[in-house]
Amino acid sequence: MIVAVAAEEGGAGRVQPLGDDGTPLGPVEAVDDLAAAVRAREAADAPRWLWASTAQVYPRLLRQGVRVGRCHDLELTEALLLGYDGRWGEPHRLGALRARRLGLPVPPDTGTATVEPGQAALFEDIPAGFDPLEATVDGYADQLTRLAATDHPGRFRLLVAAESAGALVAAEMGHDGLPWRADVHGEVLLDLLGEPSAVGPPRRIVELTEAISQAFGGVRLHPESPAEILRAFSREGIVLPSTRAWVLKGVDHPAVPLLLEFKELYRLWTAHGWSWRAQWVHDGRFKAEYIAGGVVSGRWATRGGGALQIPKVVRRAVIADDGWTFVVADASQLEPRVLAAVAGDGRLAEAARSGDLYEALAADAFAGDRAKAKLAMLGAMYGQTGGAAVPALAALQARFPVAWEYVERAARTGEGGGLVRSWLGRTCPPSRAESLSGEQARARGRFTRNFVIQATAAEWALTLLAALRTRLAGTPARLVFFQHDEVLVHTPLDLAEDVAASVRAAGEQAGRLLFGDSPVRFPLELSTVPCYADAA
DNA sequence: AGTTTCATATGG
DNA sequence: CTCGCCATATGAAACT
């Protein structure tokens, strides 16, 4: 059962039940209180909800205490389908979708997707007489047809389901927030930066600025300015290409250790210091806006707060509520395992059955040198051509020709101007340049080479997330963080073991859904800890 | 003064 | 030989 929804102003809306093939099963129903209607229907028969955009509709439902099990996000799906057809970046919002169906000029994505019927005329770029519910129902039927016409409809349907479920999780995480102890964050800052100042940098930054100036002969300088630091070094006869940390590490000068410490602390102060805390942490929660499908590879992005770049030292402040704990799960060595699965390389899959893929790889082909095996693997996935990894790469190519050919082929396709797809069918965007020459083509090849792996890894993680969400439904446990290959569940202590079991089961489910009976394993590192910083 | 690019950090 | 992939965010520097 599917129920199409069009949200309207003032919390009202219209709904219509559809059959699995998208054809209407009953009349359109206008409701004054959409949240109440969704709540009742969800409790009654838990349909798949069909709407233009989860990001637009669902947050308001959440604020009214309503959660749903499943949905079909029309606009995210449209973006996937357009991309599949090599039309990446074309308008994918409801108005554009409708215009295409009617053979009218397609409006850009700037308009709002859920306009009131009576207001349609205000938006000149949306078809006259635009009815959001009608557009949604018709668009869905159209998408079902297009989904069926893809090379692997089953896989693409899974992608659509996972993308839609991801949008639900993203909205829920943004709503619930990550538990954050402002006082503990303050302790970390005080410990590392010293007392804050109302007007300038904290004590430790001031001291380091002083010490660095002394180390350069007492000239007053600003260590946060790369140009000044380069000049200061050059006055002492040391010419550097940049002030990057790894460059400085190779320089023998008394200012170097001070500068390295300054960089770290200055970064902490400006990006995750007291003003960040004041802006983003409220009532014990850090609330960011997560954007499902925000990255071309299908990874999530965030808007505001830098939720996917939280420095490890600051994770000390992520502490579970009293009587609660975190179950933290991290997929280890996800990308090489994905490569083994998608390439169908039996030999690499054999290594990927092991808990430590690199160790197994080393034993098989690198005389037990794990570091070398890891370097070769990363080099192959990223398209490294030079450096110390070259002999290791040759060994990898000789020993795992099937996996090697898989990434090489993706690279060649990119260099030749072609498009590549993930396992489930997410398609890379076309190159922006008309024709590629030399270094441009090689860069494009590295991008497509990595895309087939990174995008598939994102699909595996998204599938795990969706499966886990379903398993946690109806319990008080909450998904509170998701970072590419890592999830955090905030749970009452007495449910922690159940949650851990659910995470493991979701991981196994994700592997089966994507790759069937492939021998490749996708192990998860699990820890149950009251503080994120203590996770393994 | 406002906007864009560069340099550098963080995360995976 | 921090090199090869995907991002966000900050402040400095350079631009309009």
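So that the names make sense, note that chain A is the first sequence line, chain B the second, and so on, each numbered from 1.
Taking atom C1' on both dA9(B) and dC1(C), the two are 22 Å apart, rounded to the nearest angstrom.
Residue contacts for Thr243(A): at a heavy-atom cut-off of 4.0 Å it reaches the sugar-phosphate backbone alone, with no base atom in range. Note on Gly306(A): only backbone sugar-phosphate atoms sit closer than 4.0 angstrom, heavy atoms only; bases stay farther off. Among the protein residues, Arg267(A) comes within range of the nucleic acid bases, having at least one heavy atom under 4.0 Å from a base atom. If you check every strand for non-hydrogen atoms under 4.0 Å, Gly305(A) touches sugar and phosphate atoms only. Counting non-hydrogen atoms under 4.0 angstrom, Ile310(A) reaches the backbone sugars and phosphates but no base. Among the heavy atoms of the strands lying under 4.0 Å from Gln454(A) is at least one base atom, whether or not backbone atoms are also near. Here Ser225(A) lies in heavy-atom contact (under 4.0 Å) with sugar-phosphate atoms only. Using a 4.0 Å heavy-atom distance criterion, Arg315(A) is classed as a sugar-phosphate-only contact.
When the shell of 6.0 Å around CG of Asp151(A) is examined, it contains more than 12 heavy atoms from other residues, nucleotides or ligands. Counted within 6.0 Å of NZ on Lys374(A), heavy atoms from surrounding residues, nucleotides or ligands total 12 or fewer; the atom is thus considered open.
Nearest nucleotide to the Tyr266(A) side chain, out of dA9(B), dG11(C), dT10(B): dG11(C). Among the nucleotides dC6(C), dG11(B), dC3(C), the one closest to the side chain of Phe447(A) is dC6(C). Distances were taken from every side-chain heavy atom of Arg446(A) (C-beta onward) to each of dG4(C), dG11(B), dA7(C); the shortest belongs to dG4(C). Nearest to the side-chain atoms of Val295(A) among the listed nucleotides dG12(B), dA7(C), dC5(C) stands dA7(C).
Applying the side-chain hydrogen bond (donor to acceptor under 3.5 Å, both in side chains) test to every pair with at least one member in residues 187-197 of chain A, sequence neighbours left out, gives these pairs: Glu195(A)-Arg203(A).
Taking a 4.0 Å limit (strictly below) on heavy-atom distances, residues 396-418 of chain A does not reach DNA chain B anywhere.
Arg235(A) forms no cation-pi arrangement with Phe216(A), by the criterion of a distance under 6.0 Å to the ring centre and an angle within 45° of the ring axis.
For the pair Ser518(A) (side chain) and Val520(A) (backbone), a donor-acceptor distance under 3.5 Å is present. A donor-acceptor contact shorter than 3.5 Å links the side chain of Arg337(A) to the backbone of Ala352(A).
If you take CD of Gln483(A) and C1' of dC6(C), they are 13 Å apart, rounded to a whole angstrom. Counting to the nearest Å, the P atom of dG11(B) and the CG atom of Leu334(A) are 19 Å from each other. As rounded to whole Å, 20 Å separates atom P of dA7(B) from atom NE2 of His222(A). Put simply, NE2 on His272(A) is 15 Å from C1' on dG11(C), counting in whole angstrom units.
The pair Arg204(A)-Glu261(A) meets the salt-bridge criterion, with a side-chain N (NZ, NE, NH1 or NH2) lying under 4.0 Å from an Asp/Glu carboxylate O.
In this structure, His484(A) and Gly387(A) both approach DNA chain C, and ranking their closest nucleotides by distance from the 5' end singles out Gly387(A).
Side chain Arg299(A) to base dG12(B): a donor-acceptor pair is found below 3.5 Å.
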